[in-house]
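Hydrogens, waters and symmetry mates play no part in the numbers below; they use all other heavy atoms, side chains included. Keep in mind it's a predicted model, so treat the numbers as computed, not measured.
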Amino acid sequence: MTENEKEPHGRSGPTRPLLGALGGALAGFTALAVAELVSVAVRPQASPVVAVGGAAIDRTPSAVKDWAIRNFGTDDKLVLQLGILAVLALCALGLGTAALRFRRAGAAGVLLFGAVGALAATGRPDSTGVADALPSVAGAVVGAVLLYVLTGRLAPRKPASGTEGPARPGAEGVRRGSVAAADAGAETDRHATAASAGTGGERDRRATAAVAGGAEWDRRGFVVVAGAAALASAGAGLLGRTLNASRGEGAVAYRDRLVLPRPASAAPAVPRGAAPRIPGISSFTTPNADFYRVDTALVVPKVDATAWRLRIHGRGVGRPLTLTFDDLLRRELIERDITLTCVSNEVGGPYVGNARWIGVRLADLLAECGVKPPSKGGPADQLVARSVDGMTIGSPVEDLMDGRDALLAVGMNGEPLPFAHGFPVRMVVPGLYGFVSACKWIEDIELTTFDSYDPYWVERGWARQAPVKTQSRIDTPKPFARPRAGTVMIAGVAWAQHRGIDKVEVRIDDGPWRPARLAAEDSRDTWRQWTCPWQATKGGHTLTVRATDRTGRVQSEKRARTIPDGADGQHSVVVTVD
């Protein structure tokens with residue numbers, strides 16, 4: 001900053017560029033707060049951060065999504081939203097700074113970001129129409145107006161006549177001379193500007209000349225407007241958040257009151273010896289709060305079960321069916337222990353869990369609608385399940401009707417499904433990765449073919465069909481652990497849903513494979529725990545595990561990435577024995 005750009009009359013305080021950037025940030029904050037409040041009248045998913053985040057997820061390459069899940073786990077959605085806010089903040093700071101010279105262009109930039117949010121909201125698979133654009137548009141308009149007003153307060157102005165205070169003795173002539181010189185300089189600049197630039201450049205040069213000539217800008221007005229806007233925006237944002245959170249109160253209250261009917265076919269008791277008491281090993285049944293969650297929903301849908309409907313239709317459906325939640329509860333319910341696995345689970349990864357599910361047999365519903373599997377002449381080989389958030393998941397009809405316990409689940413571990421895991425109804429299919437079976441918040445089932453329709457994940461390069469691969473994991477000791485020399489218990493879990501685990505083996509360094517002790521088996525659809533005592537000697541060691549399923553398939557030694565149909569390879573951990 002040059003000497004002439006310092007605060008007039010020697011006053012100290014923030015510079016114009018700093019306040020300009022602050023004005024941009026405040027305009028962006030106001031736009032988001034207003035959008036949040038307006039989304040109350042539409043739906044929470046229409047707010048710009050959620051809409052843009054969803055659009056980003058849809059357009060992100062599969063490899064990047066896989067990387068995010070691997071590195072951030074179930075916090076990947078939070079990281080995405082924080083990243084979006086960080087980018088918006090930087091853009092807002094830049095727009096505020098630019099608006100000092102190009103006031104209308106700065107405001108137009110805010111409107112442009114609103115247009116991006118509106119397009120993202122209306123382009124989502126679950127969009128309800130043009131109304132989804134309203135939050136982004138309303139927020140952008142208010143933000144643009146605020147930025148225009150704030151930068152107006154920062155525009156240089158000539159000091160009013162007679163406001164300089166009494167002149168010091170002997171200084172009047174100097175002051176007049178200075179004013180005359182400034183006026184002469186300003187006049188020269190005006191002539192030069194008129195000869196060399198258009199209207200926008202002329203205004204910018206005049207503003208610069210005015211600052212150099214001692215013009216003032218309205219610091220007090222800026223502070224007043226900015227302070228009022230900050231308070232109003234904070235209130236609007238908080239109110240919007242509160243009201244959006246309360247939108248699902250009815251659904252929450254219904255779920256809290258719901259008592260599931262007793263299943264007609266209860267799950268057998270977990271066999272004694274199925275869960276060895278080894279410190280560090282995964283619990284046989286995964287608590288709901290600890291069960292992994294991998295999906296694309298930035299806002300967990302809170303579906304009103306009393307208004308929920310499920311439609312079954314499509315090829316080979318002789319009798320289309322529409323079911324209410326009460327209709328499902330009145331049908332014969334079964335209870336089964338089933339282990340689910342996410343296709344994004346790396347070798348040795350955490351995205352696998354075992355739960356006790358209650359639901360209706362999907363094969364019975366399909367048969368009631370007249371559906372036949374392809375092996376019996378049915379015309380449809382793919383079932384496409386659609387979620388309330390627009391997700392589409394395709395499952396092989398043959399697998400769903402081959403006798404396995406494929407469910408439309410309503411309960412999980414003795415209680416109604418948690419919202420994060422699909423309340424009121426979701427699909428659970430043993431033996432298939434979640435991306436081809438486990439549709440949460442399901443509301444539509446269409447029978448079609450693999451050749452005629454590609455669901456969400458298939459469009460993004462994942463496999464059409466994906467049976468769970470035979471895998472095993474070392475839970476204890478943990479990687480880089482430092483156990484003491486002597487007997488060390490190696491333990492973990494193995495899974496090959498719908499085939500069952502036949503054998504687990506452990507290798508120390510490059511030694512021979514030694515058999516592990518298998519815990520009692522609950523069913524072939526659940527994981528199986530295993531243990532292997534080891535006489536550990538001092539030094540560094542590599543522990544490796546592999547499983548063999550009941551078809552004779554041995555867990556592959558060759559590593560394969562998760563895309564397109566699940567990771568493969570043997571899990572190893574490195575430890576140092578003290």
- request: Supply the atom-to-atom distance M427 CE to L340 CG, rounded to the nearest 0.5 angstrom.
  value: 11.0 Å
message: Let me confirm one number: the CD-CD1 distance from E415 to I358, rounded to the nearest 0.5 Å.
response: 10.0 Å
query: E398: what forms a salt bridge (Lys or Arg N to Asp or Glu O under 4.0 Å) with it, not counting sequence neighbours?
result: none
- prompt: Are V493 and N354 close enough, and set up right, to give a side chain to side chain contact (heavy atoms under 4.5 Å, CB included), and what steps lead you there?
  reply: CA-CA 11 Å; V493 290; N354 186 59; over 6 Å; no
message: Between W441 and F419 (side chain of the first, backbone of the second, donor and acceptor by atom type, cut-off under 3.5 Å), is there such a pair?
response: yes
- prompt: Knowing that exactly one of D565, D454, D381 qualifies, which makes a salt bridge (Lys or Arg N to Asp or Glu O under 4.0 Å) with R464?
  reply: D454
query: Between atom CZ of R153 and atom CZ of R220, what is the distance when rounded to the nearest 0.5 Å?
result: 13.0 Å
Check against side chain to side chain contact (heavy atoms under 4.5 Å, CB included), V352 and Q471: CA-CA 11 Å; V352 56; Q471 286 287 295; over 6 Å; no
query: Is any side-chain heavy atom of M391 closer than 4.5 Å to a side-chain heavy atom of W457?
result: yes
message: I'd like to check the salt bridge (Lys or Arg N to Asp or Glu O under 4.0 Å) partners of K77; sequence neighbours left out, ordered by chain and number.
response: D295
message: Contact between E368 and R319 at the side-chain level, heavy atoms closer than 4.5 Å - yes or no?
response: no
query: Does a donor on one side chain sit under 3.5 Å from an acceptor on the other, for D132 and T128?
result: yes
- prompt: Looking only at heavy atoms, what is the nearest atom pair of L321 and C369, with distance?
  reply: CB-SG, 3.6 Å
query: Given side chains that start at C-beta, do those of R404 and L432 come closer than 4.5 Å, heavy atoms only?
result: yes
- prompt: Could you go step by step and tell me if L88 and I84 meet the side chain to side chain contact (heavy atoms under 4.5 Å, CB included) rule?
  reply: CA-CA 6 Å; L88 289 176; I84 291 173; 4.0 Å; yes
message: Run the side chain to side chain contact (heavy atoms under 4.5 Å, CB included) test on V141 and L111 for me, step by step, so that the C-alpha distance in whole Å, both residues' side-chain angles and the decisive distance to 0.1 Å come before the verdict.
response: CA-CA 6 Å; V141 169; L111 294 176; 4.2 Å; yes
Pairwise distance CG(D327) to CH2(W308) - rounded to 0.5 angstrom: 8.5 Å
task: State, with a plain yes or no, whether a side-chain heavy atom of E443 is found less than 4.5 Å away from one of V303.
output: no
task: For S127 and G123, indicate whether the former's side chain and the latter's backbone hold a donor-acceptor pair under 3.5 Å.
output: no
message: When you measure from the side chain of Y453 to the backbone of T448, do you find a donor-acceptor pair of N or O atoms at a distance under 3.5 Å?
response: no
query: side-chain contact (heavy atoms from CB on, under 4.5 Å) with F325: which of T306, L258, L310?
result: L258
- request: Please report the closest heavy-atom contact between V40 and G240, naming both atoms and the distance.
  value: CG2-O, 3.6 Å
- line: Interatomic distance, CZ@R16 vs OG1@T97, rounded to 0.5 Å, equals 11.0 Å
- prompt: Is the closest side-chain heavy-atom distance between L323 and R331 below 4.5 Å?
  reply: yes
message: If only side-chain N and O atoms count, and only distance matters, is there a donor-acceptor pair under 3.5 Å linking Y456 with D58?
response: yes
field: Nearest heavy atoms of L408 and I445, plus distance in Å
entry: CD2-CD1, 4.4 Å
message: Under 6.0 Å from the ring centre and within 45 degrees of the ring axis: does the NZ or CZ of R103 meet both conditions for the six-membered ring of Y148?
response: yes
query: Are the side chain of S233 and the backbone of A230 linked by a donor-acceptor contact shorter than 3.5 Å?
result: no
- request: Keeping the roles fixed (side chain from Q497, backbone from V468), state whether a donor-acceptor pair exists under 3.5 Å.
  value: no
query: Could you state the interatomic distance from CD1 (I312) to CG (L447), rounded to the nearest 0.5 Å?
result: 8.5 Å
- prompt: Less than 4.5 Å apart, any side-chain heavy atom of S344 and any of Y433?
  reply: no
statement: Heavy-atom closest pair (A297 atom, P301 atom, distance to 0.1 Å) is CB-CD, 4.3 Å
message: If I compare all heavy atoms of N345 with all of T562, which pair ends up nearest, and what's the gap?
response: O-CG2, 3.8 Å
task: If the plane angle is over 60° it's perpendicular, under 30° parallel, otherwise tilted; pick one for W527 and W495.
output: tilted
field: Within-4.5 Å side-chain heavy-atom neighbours: W357 and R426
entry: yes
field: CZ/R241: more than 12 non-hydrogen atoms of other groups inside 6.0 Å
entry: no
- request: State whether a side-chain donor-acceptor pair under 3.5 Å links T285 with N413.
  value: no
query: Do D389 and S387 have a side chain donor and acceptor closer than 3.5 Å?
result: yes
query: Which atoms form the tightest heavy-atom contact between S136 and A35, and what is the distance?
result: N-CB, 4.4 Å
- prompt: Taking R315 for the side chain and T449 for the main chain, is one N or O donor matched with an acceptor at less than 3.5 Å?
  reply: no
message: Any carboxylate oxygen within less than 4.0 angstrom of a Lys/Arg side-chain nitrogen, looking at R309 and D444?
response: no
task: Look at the rings of F72 and W67 and say which category their plane angle falls in: under 30° parallel, 30 to 60° tilted, over 60° perpendicular.
output: perpendicular
- prompt: Looking at side-chain heavy atoms only, is the closest gap between S282 and R473 below 4.5 Å?
  reply: yes
